[in-house]
Amino acid sequence: MSSFAQESILKLKTKKGLNGKNIIDGMFFTPPLKIISPLEDGDMAEIMLISVSAGLLKDDKQDIAIHIGKESKIRLTSQSYEKIHDTQGGYASKQTQIIVEENAFLDYAPLPTLLFKNASFKNTMDIYLYKNAKLHYSEILCARACGEIFDFLEFRSKVCIYKDNNLVFFENMHLKPAEMDLQNPCLFDEYTHILSIIIFDDTINIQSLEQKIQNSSLNVGISTNNGVIIIRALDNQSERLLQFKQDLALS
(Lines give C-alpha, C1' and ligand atoms only; values in the text may rest on other atoms or scores of the structure.)
Protein backbone atom coordinates (compact mmCIF):
# COMPACT_ATOMS: atom_id res chain seq x y z
CA MET A 1 0.00 0.00 0.00
CA SER A 2 1.14 3.50 -0.82
CA SER A 3 2.02 5.78 2.08
CA PHE A 4 1.04 8.86 0.05
CA ALA A 5 -2.35 10.42 0.79
CA GLN A 6 -4.85 10.32 -2.06
CA GLU A 7 -7.71 12.69 -2.75
CA SER A 8 -10.15 10.93 -5.06
CA ILE A 9 -13.21 12.31 -6.84
CA LEU A 10 -16.14 10.46 -8.37
CA LYS A 11 -19.14 12.06 -10.07
CA LEU A 12 -22.05 10.15 -11.58
CA LYS A 13 -25.27 11.34 -13.21
CA THR A 14 -27.99 9.05 -14.55
CA LYS A 15 -31.15 9.55 -16.58
CA LYS A 16 -33.91 7.57 -18.20
CA GLY A 17 -33.17 7.23 -21.90
CA LEU A 18 -35.59 7.49 -24.83
CA ASN A 19 -35.82 3.69 -24.94
CA GLY A 20 -36.88 3.56 -21.29
CA LYS A 21 -33.53 2.23 -20.11
CA ASN A 22 -31.58 3.75 -17.24
CA ILE A 23 -28.34 5.16 -18.59
CA ILE A 24 -25.32 7.14 -17.42
CA ASP A 25 -25.71 10.78 -18.45
CA GLY A 26 -22.28 11.85 -17.23
CA MET A 27 -19.40 10.61 -15.14
CA PHE A 28 -15.97 11.63 -13.94
CA PHE A 29 -13.54 9.89 -11.61
CA THR A 30 -9.94 9.98 -10.51
CA PRO A 31 -7.84 7.00 -9.34
CA PRO A 32 -8.38 4.74 -7.55
CA LEU A 33 -12.16 5.19 -8.02
CA LYS A 34 -13.94 3.86 -11.10
CA ILE A 35 -17.46 3.25 -12.40
CA ILE A 36 -18.62 0.06 -14.12
CA SER A 37 -21.17 0.35 -16.94
CA PRO A 38 -24.79 -0.31 -15.89
CA LEU A 39 -26.23 -3.81 -15.86
CA GLU A 40 -29.96 -3.97 -16.59
CA ASP A 41 -32.09 -5.79 -14.03
CA GLY A 42 -35.70 -5.52 -15.17
CA ASP A 43 -36.69 -1.86 -15.03
CA MET A 44 -33.67 -1.06 -12.87
CA ALA A 45 -29.98 -0.59 -13.66
CA GLU A 46 -27.22 -1.70 -11.32
CA ILE A 47 -24.09 0.44 -11.30
CA MET A 48 -20.99 -0.70 -9.46
CA LEU A 49 -18.50 1.72 -7.93
CA ILE A 50 -15.05 0.25 -7.53
CA SER A 51 -11.78 1.27 -5.92
CA VAL A 52 -8.58 -0.26 -7.26
CA SER A 53 -6.69 0.15 -4.00
CA ALA A 54 -6.11 -1.98 -0.92
CA GLY A 55 -8.03 0.45 1.29
CA LEU A 56 -7.88 3.89 2.88
CA LEU A 57 -4.90 5.22 4.84
CA LYS A 58 -3.99 8.40 6.71
CA ASP A 59 -5.30 11.57 5.00
CA ASP A 60 -6.96 9.67 2.17
CA LYS A 61 -10.12 11.48 1.10
CA GLN A 62 -12.98 10.50 -1.19
CA ASP A 63 -15.40 13.09 -2.59
CA ILE A 64 -18.41 11.48 -4.28
CA ALA A 65 -21.37 13.15 -6.01
CA ILE A 66 -24.31 11.06 -7.31
CA HIS A 67 -27.23 12.53 -9.27
CA ILE A 68 -30.14 10.16 -10.01
CA GLY A 69 -32.16 11.72 -12.82
CA LYS A 70 -35.92 12.03 -13.08
CA GLU A 71 -37.67 8.62 -13.21
CA SER A 72 -34.32 6.77 -13.12
CA LYS A 73 -34.25 3.52 -11.14
CA ILE A 74 -30.74 2.75 -9.95
CA ARG A 75 -29.06 0.30 -7.60
CA LEU A 76 -25.59 1.44 -6.52
CA THR A 77 -23.24 -1.26 -5.28
CA SER A 78 -19.52 -1.59 -4.64
CA GLN A 79 -16.95 -4.11 -5.75
CA SER A 80 -15.36 -4.83 -2.37
CA TYR A 81 -15.40 -3.98 1.31
CA GLU A 82 -14.34 -0.44 2.25
CA LYS A 83 -11.16 -1.21 4.22
CA ILE A 84 -9.88 1.43 6.64
CA HIS A 85 -6.31 0.66 7.70
CA ASP A 86 -4.09 2.10 10.45
CA THR A 87 -4.34 5.86 9.92
CA GLN A 88 -1.25 6.57 12.08
CA GLY A 89 -2.80 9.21 14.29
CA GLY A 90 -4.68 10.91 11.47
CA TYR A 91 -7.86 9.83 9.72
CA ALA A 92 -9.34 8.89 6.36
CA SER A 93 -12.59 10.46 5.15
CA LYS A 94 -15.39 10.15 2.64
CA GLN A 95 -17.93 12.81 1.74
CA THR A 96 -20.93 11.85 -0.40
CA GLN A 97 -23.73 13.96 -1.81
CA ILE A 98 -26.68 12.25 -3.49
CA ILE A 99 -29.58 13.86 -5.36
CA VAL A 100 -32.63 11.73 -6.24
CA GLU A 101 -34.88 13.63 -8.61
CA GLU A 102 -38.65 13.50 -9.02
CA ASN A 103 -40.15 9.98 -9.35
CA ALA A 104 -36.66 8.44 -9.25
CA PHE A 105 -35.55 5.46 -7.16
CA LEU A 106 -32.19 4.71 -5.55
CA ASP A 107 -31.11 1.54 -3.79
CA TYR A 108 -27.80 2.49 -2.19
CA ALA A 109 -26.20 -0.81 -1.17
CA PRO A 110 -22.39 -0.77 -0.88
CA LEU A 111 -20.49 -3.62 0.71
CA PRO A 112 -19.52 -3.24 4.40
CA THR A 113 -16.96 -0.89 5.93
CA LEU A 114 -14.15 -2.78 7.66
CA LEU A 115 -12.18 -1.07 10.44
CA PHE A 116 -8.66 -2.32 11.17
CA LYS A 117 -6.52 -1.67 14.24
CA ASN A 118 -5.76 2.03 14.86
CA ALA A 119 -8.09 3.15 12.07
CA SER A 120 -9.94 6.48 12.19
CA PHE A 121 -12.63 7.22 9.64
CA LYS A 122 -15.03 10.13 9.07
CA ASN A 123 -18.00 9.60 6.77
CA THR A 124 -20.50 12.28 5.76
CA MET A 125 -23.61 11.53 3.68
CA ASP A 126 -26.07 14.17 2.42
CA ILE A 127 -29.07 12.92 0.45
CA TYR A 128 -31.65 15.14 -1.24
CA LEU A 129 -35.00 13.60 -2.23
CA TYR A 130 -37.42 15.39 -4.53
CA LYS A 131 -41.12 14.84 -5.22
CA ASN A 132 -42.11 11.15 -5.10
CA ALA A 133 -38.45 10.07 -4.96
CA LYS A 134 -37.79 6.74 -3.24
CA LEU A 135 -34.70 5.72 -1.29
CA HIS A 136 -33.45 2.42 0.09
CA TYR A 137 -30.22 3.17 1.96
CA SER A 138 -28.12 0.53 3.71
CA GLU A 139 -24.71 0.30 5.30
CA ILE A 140 -22.85 -2.30 7.36
CA LEU A 141 -20.09 -1.52 9.83
CA CYS A 142 -17.65 -4.29 10.77
CA ALA A 143 -15.80 -3.64 14.03
CA ARG A 144 -13.79 -6.85 13.83
CA ALA A 145 -10.96 -7.37 11.35
CA CYS A 146 -8.35 -10.15 11.36
CA GLY A 147 -9.24 -11.02 14.95
CA GLU A 148 -9.01 -7.37 16.06
CA ILE A 149 -12.22 -6.55 17.93
CA PHE A 150 -13.02 -2.86 18.54
CA ASP A 151 -9.34 -2.01 18.03
CA PHE A 152 -10.02 0.94 15.75
CA LEU A 153 -9.51 4.43 17.15
CA GLU A 154 -12.57 6.33 15.94
CA PHE A 155 -15.53 6.02 13.61
CA ARG A 156 -17.79 8.96 12.74
CA SER A 157 -20.72 8.73 10.37
CA LYS A 158 -23.21 11.53 9.79
CA VAL A 159 -26.24 10.94 7.56
CA CYS A 160 -28.57 13.80 6.61
CA ILE A 161 -31.62 13.21 4.40
CA TYR A 162 -33.68 16.06 2.97
CA LYS A 163 -37.08 16.01 1.27
CA ASP A 164 -37.77 19.06 -0.87
CA ASN A 165 -34.77 20.69 0.88
CA ASN A 166 -36.22 20.14 4.37
CA LEU A 167 -34.18 18.02 6.77
CA VAL A 168 -36.30 14.96 7.63
CA PHE A 169 -33.69 12.49 8.91
CA PHE A 170 -30.47 12.99 10.83
CA GLU A 171 -28.15 10.39 12.32
CA ASN A 172 -24.79 11.00 13.93
CA MET A 173 -22.85 7.87 14.93
CA HIS A 174 -19.62 8.47 16.84
CA LEU A 175 -17.68 5.49 18.18
CA LYS A 176 -14.43 5.71 20.18
CA PRO A 177 -13.60 2.32 21.75
CA ALA A 178 -10.94 3.79 24.06
CA GLU A 179 -13.59 6.02 25.68
CA MET A 180 -16.73 3.86 25.32
CA ASP A 181 -17.67 0.37 26.39
CA LEU A 182 -18.96 -0.71 23.00
CA GLN A 183 -19.71 -4.19 24.34
CA ASN A 184 -22.20 -2.70 26.77
CA PRO A 185 -25.64 -4.39 26.37
CA CYS A 186 -27.04 -1.02 25.28
CA LEU A 187 -24.55 -0.81 22.41
CA PHE A 188 -23.05 -3.77 20.52
CA ASP A 189 -23.33 -6.25 23.42
CA GLU A 190 -21.82 -9.53 22.17
CA TYR A 191 -21.87 -8.48 18.51
CA THR A 192 -19.30 -6.80 16.26
CA HIS A 193 -21.27 -5.96 13.10
CA ILE A 194 -24.24 -3.64 12.59
CA LEU A 195 -26.56 -3.23 9.61
CA SER A 196 -28.52 -0.01 9.17
CA ILE A 197 -31.33 0.33 6.62
CA ILE A 198 -33.20 3.59 6.02
CA ILE A 199 -36.20 3.53 3.69
CA PHE A 200 -38.27 6.31 2.16
CA ASP A 201 -40.78 4.39 0.05
CA ASP A 202 -44.56 4.56 0.48
CA THR A 203 -45.06 1.41 -1.63
CA ILE A 204 -43.47 -0.82 1.02
CA ASN A 205 -45.88 -3.20 2.77
CA ILE A 206 -44.87 -2.52 6.37
CA GLN A 207 -46.86 -5.46 7.78
CA SER A 208 -45.13 -7.91 5.45
CA LEU A 209 -41.76 -6.38 6.30
CA GLU A 210 -42.42 -6.65 10.04
CA GLN A 211 -43.37 -10.31 9.61
CA LYS A 212 -40.09 -11.07 7.81
CA ILE A 213 -38.18 -9.38 10.61
CA GLN A 214 -40.05 -11.31 13.30
CA ASN A 215 -39.19 -14.54 11.52
CA SER A 216 -35.48 -13.70 11.35
CA SER A 217 -32.99 -15.42 13.65
CA LEU A 218 -30.91 -12.23 13.83
CA ASN A 219 -31.01 -9.62 16.58
CA VAL A 220 -33.03 -7.12 14.56
CA GLY A 221 -35.54 -4.34 15.12
CA ILE A 222 -37.71 -2.03 13.04
CA SER A 223 -39.27 1.37 13.68
CA THR A 224 -41.25 3.87 11.62
CA ASN A 225 -41.61 7.61 11.99
CA ASN A 226 -43.04 10.28 9.72
CA GLY A 227 -42.70 8.25 6.53
CA VAL A 228 -39.31 6.69 7.18
CA ILE A 229 -38.66 3.02 7.96
CA ILE A 230 -35.54 2.24 10.00
CA ILE A 231 -34.13 -1.25 10.44
CA ARG A 232 -31.16 -2.20 12.61
CA ALA A 233 -29.59 -5.65 12.86
CA LEU A 234 -26.63 -6.96 14.87
CA ASP A 235 -24.51 -10.03 14.18
CA ASN A 236 -20.92 -11.27 14.14
CA GLN A 237 -20.76 -11.96 10.41
CA SER A 238 -21.26 -9.49 7.61
CA GLU A 239 -22.34 -12.28 5.25
CA ARG A 240 -25.38 -13.04 7.41
CA LEU A 241 -26.34 -9.37 7.46
CA LEU A 242 -25.99 -9.12 3.69
CA GLN A 243 -28.11 -12.24 3.26
CA PHE A 244 -30.72 -10.86 5.65
CA LYS A 245 -31.05 -7.68 3.58
CA GLN A 246 -31.33 -9.72 0.41
CA ASP A 247 -34.04 -11.90 1.97
CA LEU A 248 -36.10 -8.80 2.79
CA ALA A 249 -36.51 -8.39 -1.00
CA LEU A 250 -36.99 -4.64 -0.70
CA SER A 251 -36.35 -3.92 -4.37
Side-chain angles (χ1 to χ4, degrees), residues 12 14 16 22 41-49 64 66-78 82 96-113 123-142 157-173 193-235 238-251:
L12 170 68
T14 72
K16 195 166 188 177
N22 302 285
D41 182 10
D43 63 347
M44 188 180 304
E46 180 171 314
I47 300 176
M48 182 178 289
L49 310 182
I64 297 174
I66 308 292
H67 191 135
I68 307 301
K70 185 177 179 180
E71 298 183 354
S72 263
K73 297 185 72 174
I74 303 293
R75 177 181 296 114
L76 278 179
T77 63
S78 59
E82 185 79 90
T96 305
Q97 182 186 84
I98 297 176
I99 295 172
V100 187
E101 284 193 19
E102 184 176 345
N103 296 316
F105 172 87
L106 173 63
D107 179 7
Y108 181 83
L111 287 172
T113 297
N123 179 59
T124 302
M125 173 73 67
D126 293 301
I127 303 175
Y128 297 85
L129 305 178
Y130 289 91
K131 186 178 179 180
N132 297 323
K134 295 177 173 58
L135 172 71
H136 295 185
Y137 174 93
S138 65
E139 63 177 356
I140 296 175
L141 173 65
C142 306
S157 179
K158 184 170 70 173
V159 179
C160 298
I161 301 177
Y162 302 82
K163 290 187 73 174
D164 298 319
N165 290 316
N166 295 311
L167 181 65
V168 293
F169 180 89
F170 175 76
E171 179 176 76
N172 189 16
M173 180 184 290
H193 296 52
I194 183 169
L195 163 68
S196 298
I197 301 175
I198 304 166
I199 302 170
F200 284 85
D201 186 348
D202 56 11
T203 67
I204 291 287
N205 186 322
I206 187 64
Q207 288 77 23
S208 174
L209 187 56
E210 287 175 341
Q211 188 60 52
K212 291 178 181 179
I213 287 173
Q214 289 174 7
N215 293 337
S216 173
S217 61
L218 297 182
N219 188 337
V220 57
I222 182 172
S223 61
T224 60
N225 182 47
N226 197 28
V228 60
I229 302 170
I230 303 168
I231 301 170
R232 298 279 194 264
L234 291 164
D235 202 84
S238 56
E239 292 80 5
R240 283 201 291 257
L241 293 174
L242 289 167
Q243 185 61 52
F244 167 73
K245 181 181 182 293
Q246 182 175 330
D247 292 343
L248 290 178
L250 295 170
S251 60

Would Val168 and Leu129 count as a side chain to side chain contact (heavy atoms under 4.5 Å, CB included) if you check the C-alpha gap in whole Å, the side-chain angles of each, and the deciding distance to 0.1 Å?
-> CA-CA 10 Å; Val168 293; Leu129 305 178; 5.9 Å; no
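- Panel note: side chain Lys212, backbone Leu248; a donor-acceptor pair is recorded below 3.5 Å.
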Run the side chain to side chain contact (heavy atoms under 4.5 Å, CB included) check on Leu209 and Leu250 step by step: do they pass?
-> CA-CA 9 Å; Leu209 187 56; Leu250 295 170; 3.8 Å; yes
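- Side chain of Ser157 to main chain of Met173: no donor-acceptor pair is present (N/O by atom type, distance under 3.5 Å, no hydrogens or angles).
- When each of Ile161, Asn165, Ile98, Val100 is paired with Tyr128, the side chain to side chain contact (heavy atoms under 4.5 Å, CB included) condition holds for Asn165 and for no other.
- A distance-only check finds a donor-acceptor pair linking the side chain of Asn22 to the backbone of Lys73 [under 3.5 Å].
- Enclosure of atom NZ in Lys158 is not indicated, since only 12 or fewer non-hydrogen atoms of other residues, nucleotides or ligands lie within 6.0 angstrom.
- We find the CG-CG distance between Asn219 and Leu195 to be 12.0 Å, quoted to the nearest 0.5 Å.
- Of all heavy-atom pairs spanning Phe105 and Asp201, the tightest one is CE1-OD2, 4.3 Å.
- Here the side chains of Pro110 and Leu49 are not in contact, with every heavy-atom distance at 4.5 Å or above.
- Using a distance-only test at 3.5 Å, with no hydrogens or angles considered, no donor-acceptor pair links the side chain of Glu101 to the main chain of Gly69.
- Two residues are said to be in side-chain contact when any heavy atoms from C-beta on lie closer than 4.5 Å; Ile222 and Ile229 meet this criterion.
- The minimum heavy-atom distance linking Ile140 with Ser238 is given by the pair CD1-O, 4.3 Å.
- Annotation: side chain of His136 is not in contact with side chain of Ile197 (no heavy-atom distance under 4.5 Å).
- In this structure, Lys134 places its NZ atom where more than 12 heavy-atom neighbours from other residues, nucleotides or ligands lie under 6.0 Å away.
- A 4.5 Å side-chain heavy-atom check between Asp235 and Leu218 finds at least one atom pair inside the cut-off.
- Taking every heavy atom of both residues into account, Glu71 and Lys16 meet most closely at O-CD, 3.6 Å.
- Within the model, atoms OG of Ser72 and CG of Asp43 stand 11.0 Å from one another, a figure rounded to the nearest 0.5 Å.
- Residue Tyr137 is tested with Phe200, Phe169, Tyr108 for a ring pair (Phe, Tyr, Trp, His ring centres under 6.0 Å); the sole match is Tyr108.
- In this structure, CD1 in Ile198 is found 6.5 Å from CD1 in Ile230, a value given to the nearest 0.5 Å.
- Side-chain atoms of Ile66 and Ile74, non-hydrogen and from C-beta on, never get closer than 4.5 Å to each other.
- Atoms CG and CG, on Leu242 and Leu111 in that order, are 6.5 Å from each other to the nearest 0.5 Å.
- Expressed to the nearest 0.5 Å, how far OG of Ser223 lies from CD of Glu210 amounts to 10.0 Å.
- Here the CD-CD distance, from Gln214 to Gln211, works out to 5.0 Å after rounding to the nearest 0.5 Å.
- The pair Arg75-Glu46 meets the salt-bridge criterion, with a side-chain N (NZ, NE, NH1 or NH2) lying under 4.0 Å from an Asp/Glu carboxylate O.
- Contact of the Leu241 side chain with the Lys245 side chain is not registered, since no non-hydrogen atoms from C-beta on lie closer than 4.5 Å.
- The shortest distance between side-chain heavy atoms of Tyr130 and Ile68 does not fall below 4.5 Å.
- Shown here is Asp164, whose CG atom has more than 12 heavy atoms of other residues, nucleotides or ligands within 6.0 Å.
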